[in-house]
*Asks:* 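What follows is a single structure, and I will ask about it in a moment.
This chain uses plain numbering: 1 for the first residue, then up along the sequence. Numbering of ligands and ligand atoms starts at 1, following listing order. Just the heavy atoms: all of them, side chains too, but no hydrogens, waters or symmetry mates, feed the values below.
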Amino acid sequence: MAKASVVVPEQVGAAAAAAQVGCPCPGTTLFPYPPPRAGIAVRRKCLQAAQQLELGAGLRGGWVESMRASSPTHAKAAAALAAGVDEEHAAWMARHPSALGEFEKVVAASKGKQIVMFLDYDGTLSPIVDDPDAAFMSETMRMAVRSVAKHFPTAIVSGRCRDKVFEFVKLAELYYAGSHGMDIKGPASRHAAAKSPPHNKGVLFQPASEFLPMIEQVHQRLEQATSSIPGAKVENNKFCVSVHFRCVDEKSWGALAETVRRVVREFPRLRLSQGRMVFEVRPTIKWDKGKALEFLLDSLGFADCSDVLPVYIGDDRTDEDAFKVLRRRGQGVGILVSKHPKETTASFSLQEPAEVMKFLLRLVEWNRLSRARLRL
Ligand SMILES: O=P(O)(O)OC[C@H]1O[C@H](O[C@H]2O[C@H](CO)[C@@H](O)[C@H](O)[C@H]2O)[C@H](O)[C@@H](O)[C@@H]1O
């Protein structure tokens, strides 16, 4: 398999581009610029369909195609039809190599920098399951995240409401950005708070608080309107609402998409996007997981700093906003969790939560050894 190198010709372009936008550390980017194209015709078509959906311009067929794209099984089948699976996968892996396989390059990029860890929850720390209320993370994963947080400032960035994701993760020493980054809170544990920068104590940021009553309303409307579609599940995520279709018969997907769109049209200040077998309804404000990442870096005292290396691991379309921010800053490491080729702005990949755990533990071990070596 062709290996991607940190020192590739495109990075000269990256450095130049970074310099043009005034990036403080143009020589240190891990991101080739312009971003490599996945070249997956089927995926791109599906992405366009998803964008149409977001713009509200999609036809019924476009929605269903986009809904299919959010299922790895369908996507895999579609990609397999479009090209040889192995070739497609190998080419994709060459563009987005395994963060475990290229571990040395990842850590080399952190030389002299503070790593800040950003972790998505569903599909990254916990496996995807049919019932959103049963998406538990394993105790071993919890221990891995706890260890990471002992070594690096660590944040969970999730589409879930903050309280719910905290119930799953149960680690008070972390930062949490729930509702796709619209509900940010600093560590609750006294020990972690004591270690936080002084200006960051008790950080709490909720840029969409005025939308709370509207989200309540749309949640009720969606529950009502989708109640006749078996398997549809509406989840109130405080500043946004998810409508799940993982358990809906594919024959009803068109009807569900139309119903959701009809309801969302009643609320011009809300918008519709799509995640993994889920519609996401959220405020039209310009705030997403990428903005949350930047907010947290600033809160941690790393605004306009070149001596920080944000590492963001996520599996979903909404995580792309964070990957894009890293690429624009020319700073950090974006890692997509996916077994299948997907169009992404992330530089690296990991296949599944089990690999995420291995990566986290390896990072902890590497940091422990590097510190021990410094003490010698
Ligand atoms: O940003 P995330 O932490 O990845 O949250 C995104 C959505 O995740 C959850 O839904 C996804 O996981 C479920 C459990 O595995 C699965 O059943 C569903 O199909 C996935 O879309 C969560 O329930 C949503 O509210 C989040 O927005």
Side-chain angles (χ1 to χ4, degrees), residues 50 66-75 117-138 141 145 154-169 171 174-184 208 215 218-219 222-223 226 231-250 253 256 260 270-283 287-293 312-323 334-339 342 344 346 350 352-354 356:
S66 163
M67 289 162 91
R68 279 202 192 103
S70 73
S71 151
T73 324
H74 286 297
M117 185 62 67
F118 295 89
L119 300 165
D120 166 55
Y121 183 72
D122 289 279
T124 297
L125 298 182
S126 69
I128 292 292
V129 292
D130 282 351
D131 178 3
D133 294 332
F136 304 108
M137 72 194 266
S138 65
M141 180 65 97
V145 176
T154 301
I156 304 290
V157 187
S158 173
R160 302 252 187 187
C161 91
R162 181 164 52 77
D163 288 349
K164 200 183 270 177
V165 78
F166 179 77
E167 269 173 40
F168 281 126
V169 179
L171 295 172
L174 309 183
Y175 291 79
Y176 287 86
S179 307
H180 296 292
M182 288 179 285
D183 191 4
I184 301 180
I215 293 293
V218 79
H219 172 239
L222 285 167
E223 280 213 314
T226 60
K233 185 177 169 91
V234 184
E235 190 183 2
N236 189 338
N237 282 326
K238 191 165 177 177
F239 295 106
C240 48
V241 177
S242 299
V243 183
H244 294 273
F245 55 89
R246 185 168 294 277
C247 297
V248 174
D249 189 307
E250 203 172 321
W253 285 6
L256 179 70
V260 172
L270 299 181
R271 69 184 166 107
L272 187 58
S273 62
Q274 204 185 300
R276 292 181 75 171
M277 296 271 204
V278 69
F279 291 115
E280 307 276 14
V281 180
R282 47 179 163 152
W287 196 267
D288 51 36
K289 289 183 172 185
K291 297 271 189 210
L293 178 149
Y312 189 105
I313 312 183
D315 71 314
D316 211 345
R317 283 180 191 163
T318 56
D319 298 309
E320 292 296 328
D321 293 321
F323 296 144
I335 304 174
L336 177 75
V337 184
S338 180
K339 275 194 172 138
K342 268 188 190 175
T344 181
L350 288 168
E352 56 195 348
V356 173

*Asks:* Please confirm whether Cys240 approaches ligand 1 to less than 4.0 Å, judged on its heavy atoms.
*Replies:*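 So Cys240 does not count as touching ligand 1.
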*Asks:* Checking side-chain hydrogen bond (donor to acceptor under 3.5 Å, both in side chains) for the pair Ser242/Glu280: CA distance, chi angles, key distance, verdict?
*Replies:* CA-CA 5 Å; Ser242 299; Glu280 307 276 14; 2.9 Å; yes
*Asks:* How about Met277 and Val248: do any of their side-chain heavy atoms sit closer than 4.5 Å?
*Replies:*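 Result no, sub-4.5 Å side-chain heavy-atom pair not found.
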*Asks:* State the atoms of ligand 1, each with its element, that fall below the 4.0 Å cut-off from a heavy-atom position in Ser242.
*Replies:*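 Selected atoms, number and element: 24 (C), 25 (O), 27 (O).
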*Asks:* What atoms of ligand 1 come closer than 4.0 angstrom to any heavy atom of Ser158?
*Replies:*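 Counting from 1, the qualifying ligand atoms are 1 (O), 2 (P), 3 (O), 5 (O).
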*Asks:* Please compare Asp122, Asp133, Val157, Val243 and report which has the shortest non-hydrogen distance to atom 8 (O) of ligand 1.
*Replies:*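 The option holding the nearest heavy atom is Asp122.
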*Asks:* Would you mind reporting whether Arg160 and Phe168 have side-chain heavy atoms less than 4.5 Å apart?
*Replies:*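 Sidechains of Arg160 and Phe168: in contact.
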*Asks:* Quick one: which ligand 1 atoms are inside 4.0 Å of a heavy atom on Tyr121?
*Replies:*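 Going through ligand 1 atom by atom, the ones under 4.0 Å from Tyr121 are 3 (O).
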*Asks:* Would you say that Leu174 contacts Val169 through its side chain, given a criterion of any heavy-atom pair below 4.5 Å between the two side chains?
*Replies:*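 Yes, side chains in contact.
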*Asks:* In the protein, what heavy atom is nearest to atom 10 (O) of ligand 1, and what distance, to one decimal place, separates them?
*Replies:*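 Ranked first by proximity to atom 10 (O) of ligand 1 is His244 CE1, 3.4 Å.
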*Asks:* Are the side chains of Met67 and Phe245 in touch, meaning some heavy atoms are under 4.5 Å apart?
*Replies:*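 They are in contact (side-chain heavy atoms under 4.5 Å apart), so the answer is yes.
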*Asks:* Numbering the atoms of ligand 1 from 1, which are under 4.0 Å from a heavy atom of Asp130?
*Replies:*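 Reading through ligand 1 atom by atom, the close ones are 17 (O).
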*Asks:* Considering the heavy atoms of Glu235, write down every atom of ligand 1 situated less than 4.0 Å from one of them.
*Replies:*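 Matching atoms, with element in brackets: 22 (C), 23 (O), 24 (C), 25 (O).
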*Asks:* Has ligand 1 got any nitrogen or oxygen that is less than 3.5 angstrom from a nitrogen or oxygen of Arg246?
*Replies:*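 Yes, since at least one N or O of Arg246 sits under 3.5 Å from an N or O of ligand 1.
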*Asks:* Can you report which non-hydrogen protein atom sits closest to atom 17 (O) of ligand 1, along with the distance?
*Replies:*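 The closest one turns out to be Val129 O, 2.5 Å.
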*Asks:* Of all the non-hydrogen atoms in the protein, which one sits nearest to atom 26 (C) of ligand 1, and at what distance?
*Replies:*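 Scanning the protein heavy atoms, the shortest distance from atom 26 (C) of ligand 1 goes to Glu280 OE2, 3.9 Å.
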*Asks:* Of all residues at least two apart in sequence or in a different chain, which pass the salt bridge (Lys or Arg N to Asp or Glu O under 4.0 Å) check with Asp133?
*Replies:*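 Partners of Asp133 by the salt bridge (Lys or Arg N to Asp or Glu O under 4.0 Å) criterion, ordered by chain and then number, come out as Lys164, Lys233.
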*Asks:* Exactly one of Ile156, Val337, Val165 should register a side-chain contact (heavy atoms from CB on, under 4.5 Å) with Leu125. Which one does?
*Replies:*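 For Leu125, the side-chain contact (heavy atoms from CB on, under 4.5 Å) test succeeds with only one of Ile156, Val337, Val165, which is Ile156.
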*Asks:* Check ligand 1 against Pro132 and write out every atom of the ligand that is under 4.0 Å from a heavy-atom position of the residue.
*Replies:*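 Once the distances to Pro132 are compared, the set is 14 (C), 23 (O).
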*Asks:* Closer than 4.0 Å to some heavy atom of Pro127 - which atoms of ligand 1 meet that?
*Replies:*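 Per the distance check, 15 (O).
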*Asks:* List ligand 1 atoms under 4.0 Å from Val278, heavy atoms only on the residue side.
*Replies:*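 Those atoms are 21 (O).
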*Asks:* Starting from atom 4 (O) of ligand 1, what is the nearest protein heavy atom, named by residue and atom, and what distance separates them?
*Replies:*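 Looking only at protein heavy atoms, the one closest to atom 4 (O) of ligand 1 is Asp120 OD1, 2.7 Å.
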*Asks:* Counting non-hydrogen protein atoms only, what is the nearest one to atom 21 (O) of ligand 1? Give residue, atom name and distance.
*Replies:*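 For this ligand atom, the closest protein heavy atom is Arg276 O, 2.5 Å.
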*Asks:* If you define the side chain from C-beta out and look only at heavy atoms, does anything of Asp319 sit under 4.5 Å from Leu336?
*Replies:*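 With C-beta onward as the side chain, the pair stays apart.
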*Asks:* Suppose we measure from atom 6 (C) of ligand 1 to each protein heavy atom; which comes out shortest, and what is that distance?
*Replies:*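 Its nearest protein heavy-atom neighbour is Asp316 OD2, 4.0 Å.
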*Asks:* Hey, what do you get for CG (Asp315) to OG1 (Thr124), rounding to the nearest 0.5 Å?
*Replies:*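 So the CG of Asp315 and the OG1 of Thr124 are separated by 4.0 Å.
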*Asks:* Looking at Glu320 and Lys289, is there a salt bridge between them, counting it only when a charged N and a carboxylate O are closer than 4.0 Å?
*Replies:*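 Salt bridge: no.
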*Asks:* Side-chain contact test, heavy atoms from C-beta onward, threshold under 4.5 Å: evaluate it for Thr344 versus Arg317 and give yes or no.
*Replies:*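 No. Closest side-chain heavy atoms not under 4.5 Å.
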